[in-house]
Amino acid sequence: MIENRSENDRKGRGWICLGLLGILVIMAPYFLLGQDSVVTYHDQLDGELIAYILQARHLFRGNILPEFMNGASKTALTLPAPFFVLFFLGGNAYWALTAMALLEKMCGFLGMYLLVREFVEEKWIAAGTGFLYGCLPFLPVYGMSQFGIPMLLWCMLQLRKGSHMLAAWCYAAFYALSSSLVLAGFGILGMGLLWILWDWAVRKQAAGAKRLLTAWLLMLGIYIAENCRLLGQLLGLGEEFISHKSVYEHSAVPFGQVFLQSFLKGEQHSRDSHTLFLGIIFLSLAVGLALRHRLSRDGRGQSHTVSFVKKLQVMGICLGCNVFFCVTTAIWNSGAGVFLRSRLSVLGAVQIDRLLWMAPCMWYLAAACGMGLAWNVWLQAGRREENGRTGLARLAAGLWVLVFAAAAGVTGIWLLLAGDFKSNLQKLRNPEYPMLSYQDYYALGVMEQVKEFLGEASGQEPEAYRVVSLGIAPAVALYHGFYCLDGYSNNYSLAYKEQFRRVIAPELEKSDYLREYYDGWGNRCYLFSAEIPGYVTVEKNGFFFQDYCLDTKALYEMGGRYLLSAAYILNAEELGLSLMNETPFETPDSYYRIFVYSVEAL
């Protein structure tokens, strides 16, 4: 018995090491390429990474970010995972981001492995599911908000049973420190409270419910401490300004459309490629329910029957949770939901669809339990065949297992090919591979020239003047230490939005799309162009702005002294812009070519 347990533990450690090695392999290109790596920039390099950089620069220093949007409140760039700001204190944002990604993926693998092992005996199923979960293309800037959910759920199960309690409480605290209240925490707390009430009132498990409640209160307290400024703003306490969120324009989407989109694909940042698993999960539930009754009638293998029933229960709970998330999301975005949200001011901008960030964990756990069911049936059919029974059941169960394995394999390949992993493999094979890299995006080697040039031309340090960017995201200038009037924020002053609108009003009037984009949403407080309405970045390729419109007087009054443009502005003099460098700043392999214009007082 002891020898079997030792062998079992050794095999478990082997699968864990193999899974962690797999995570290291998919992260290897980021270490080999360094800043030449292809890194998703949408909602990451253009926004959240800048939040870490600026918050690290001003950690424990007041409530203002002086470089951002002319000195915005720190609530304008609330950290998605506050703990990880410590990684950025060293000053190298790329390696901080890479370390975050590695830690999160490893935690995702290990958490899913442990969670699946609670319900599935086969370690290879747990390891395979964990590896797939670790491969999911979640953005690392969101910390443990998504990758950390399986481990949190496993810890809650341990508290419920009364085991590993200290480790579970420590991880609950870590999860709250390294995740976002507004992106994932509110959903975790809400579902956790329902779980506690269920255990307390329905299952009559008071001891387990109390332990869960302790963890819940610990997380709640940490979230409140981390977000006290933001919560105070929402409650009208302390620092108070009217957020630009209060004028969000919400568009209703048909209930069925949102439900199907959410159920089949998930939310924008929680896509998990679970579609191939859906049919197999439903098939497993149907077959499992049928076999459950058969096993009960035969009276065989009581322990196996209990395990069989537990898998079915877990699959049902996972499916029920995800249907609940999808229904809630669909209602929130439907006509009735939009009607309600329009009367909730800032609270109406809350994205209830972030509940779907919990869905990938549920889908992959359900798929693992389904695979476990198929494997159990195959083993049972083998025993029946040994007793002289027909092998038809074993053949059917074998096909069931093979289909599941094929779905998992295709999903894994798709995850690797659909994310940055494929692009970075191409980059390793061909350094000239034309995908925007981290170095390209932040104009490394170019913006340093611009900064030095402006220092010499003005005789001033960056804090003495303000810049805006055209055809290049403001994040680039912020990354290099410039003080900017423009920026990307989901919570800044409505008064500032209206003030900045004066600057870009002439260009907004030329495009209904841009006008609705800024007035109805406005998170991107940028210099837009009707000549390229869908583009924020302009590659050096001969393009130039032919008829750009800008209220330079309003820009000058805001403190704007320089405009950094990724393309030549033909009518600059008419606008009151003076080109300072006839030869644009660039490097032979840079993505951008930057022209520097001074803003003249009209």
Side-chain angles (χ1 to χ4, degrees), residues 108-109 111-136 138 146-154 156-157 187-188 191 194-195 198 259-260 262-267 270-292 306-329 355-378 397 400-401 403-412 414-415:
F109 161 76
M112 184 56 75
Y113 175 88
L114 292 173
L115 182 60
V116 171
R117 285 286 290 124
E118 286 290 308
F119 310 106
V120 178
E121 299 82 358
E122 288 70 31
K123 298 176 182 63
W124 60 272
I125 295 178
T129 308
F131 179 72
L132 287 179
Y133 195 82
C135 289
L136 289 173
F138 299 146
Q146 294 155 300
F147 279 120
I149 291 176
M151 183 68 81
L152 181 65
L153 185 53
W154 180 79
M156 296 305 103
L157 290 173
I188 294 289
M191 296 302 292
L194 291 177
W195 191 359
W198 173 267
F259 178 84
L260 286 176
S262 303
F263 192 78
L264 297 176
K265 295 184 177 180
E267 192 263 346
S270 62
R271 300 291 170 84
D272 54 15
S273 302
H274 68 270
T275 310
L276 286 177
F277 290 137
L278 285 176
I280 304 172
I281 288 173
F282 284 115
L283 175 63
S284 298
L285 277 170
V287 174
L289 287 170
L291 291 178
R292 174 192 175 189
V306 172
S307 175
F308 214 84
V309 171
K310 184 182 288 187
K311 291 184 182 70
L312 285 173
Q313 289 175 339
V314 171
M315 291 178 72
I317 291 171
C318 289
L319 183 60
C321 285
N322 283 350
V323 169
F324 170 74
F325 300 151
C326 294
V327 168
T328 304
T329 296
L355 286 171
L356 292 169
W357 282 31
M358 293 182 279
C361 177
M362 300 293 104
W363 286 127
Y364 278 70
L365 177 57
C369 288
M371 182 65 171
L373 282 176
W375 188 254
N376 288 159
V377 171
W378 188 79
W400 187 8
V401 170
V403 170
F404 237 127
V410 171
T411 299
W414 174 255
L415 288 174

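These values consider heavy atoms only, across backbone and side chains, with no hydrogens, waters or symmetry-generated copies.
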_Walk me through whether M191 and C321 qualify under side-chain contact (heavy atoms from CB on, under 4.5 Å)._
CA-CA 9 Å; M191 296 302 292; C321 285; 4.1 Å; yes

*Trace of the side-chain contact (heavy atoms from CB on, under 4.5 Å) decision for V314 with L365*: CA-CA 8 Å; V314 171; L365 177 57; 3.8 Å; yes

*asked:* Apply side-chain contact (heavy atoms from CB on, under 4.5 Å) to residues N376 and K311 and explain how you reach the verdict.
replied: CA-CA 11 Å; N376 288 159; K311 291 184 182 70; 3.0 Å; yes

*asked:* Please evaluate residues V120 and M371 with respect to the criterion side-chain contact (heavy atoms from CB on, under 4.5 Å), reporting the C-alpha separation (whole Å), side-chain torsions for both, the decisive distance (0.1 Å), and the verdict.
replied: CA-CA 9 Å; V120 178; M371 182 65 171; over 6 Å; no

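Taking each heavy atom of F119 and C369 in turn, the nearest pair found is CB-SG, 4.0 Å. Residues L276 and A407 share a closest heavy-atom pair of CD1-O, 4.0 Å. Between D272 and P360, the shortest heavy-atom distance links the atoms OD2-CA, 3.1 Å. Nearest heavy-atom pair, H274 versus F263, reported as atom, atom and distance to 0.1 Å: NE2-O, 2.7 Å. In plain terms, the two heavy atoms of S284 and M315 that are nearest each other are CB-CE, 3.6 Å. Considering all non-hydrogen atoms of both residues, I149 and W357 come closest at CD1-O, 3.6 Å.
At a threshold of 4.5 Å between non-hydrogen side-chain atoms, the residues T411 and Y364 count as touching. Put simply, the side chain of W154 does not reach to within 4.5 Å of the side chain of M112, judged on heavy atoms. The side-chain heavy atoms of L373 and V287, taken from C-beta on, include no pair separated by under 4.5 Å. For the pair F131 and C135, the minimum side-chain heavy-atom distance is below 4.5 Å. Proximity of I125 to F404: side-chain heavy atoms (C-beta onward) are nowhere separated by under 4.5 Å. In this structure, the side chains of C361 and L115 come closer than 4.5 Å at one or more pairs of heavy atoms. Looking at heavy atoms from C-beta onward, W363 lies in side-chain contact with L319 at the 4.5 angstrom threshold. Between M362 and L153, the closest side-chain pair of non-hydrogen atoms falls below 4.5 Å.
Using cut-offs of 30° and 60° on the angle between ring planes, the pair F147 and Y133 is perpendicular.
Rounding to the nearest 0.5 angstrom, the gap separating the CD atom in E267 from the CZ atom in F325 is 13.0 Å. The distance from atom NZ of K265 to atom CG of L260, rounded to the nearest 0.5 Å, is 11.0 Å. Atoms CZ and CD1, from F324 and I317 in turn, are 14.5 Å apart once rounded to the nearest 0.5 Å. The distance from the NZ atom of K123 to the CD atom of E121 is 9.5 Å, given to the nearest 0.5 Å. To the nearest 0.5 Å, atoms CG (L415) and CZ (R271) are separated by 13.0 Å. Taken from CH2 in W414 to CG in L132, the straight-line distance is 15.0 Å, to the nearest 0.5 Å.
With sequence neighbours excluded, the residues forming a side-chain contact (heavy atoms from CB on, under 4.5 Å) with W198 are V202, R203, listed by chain and number.
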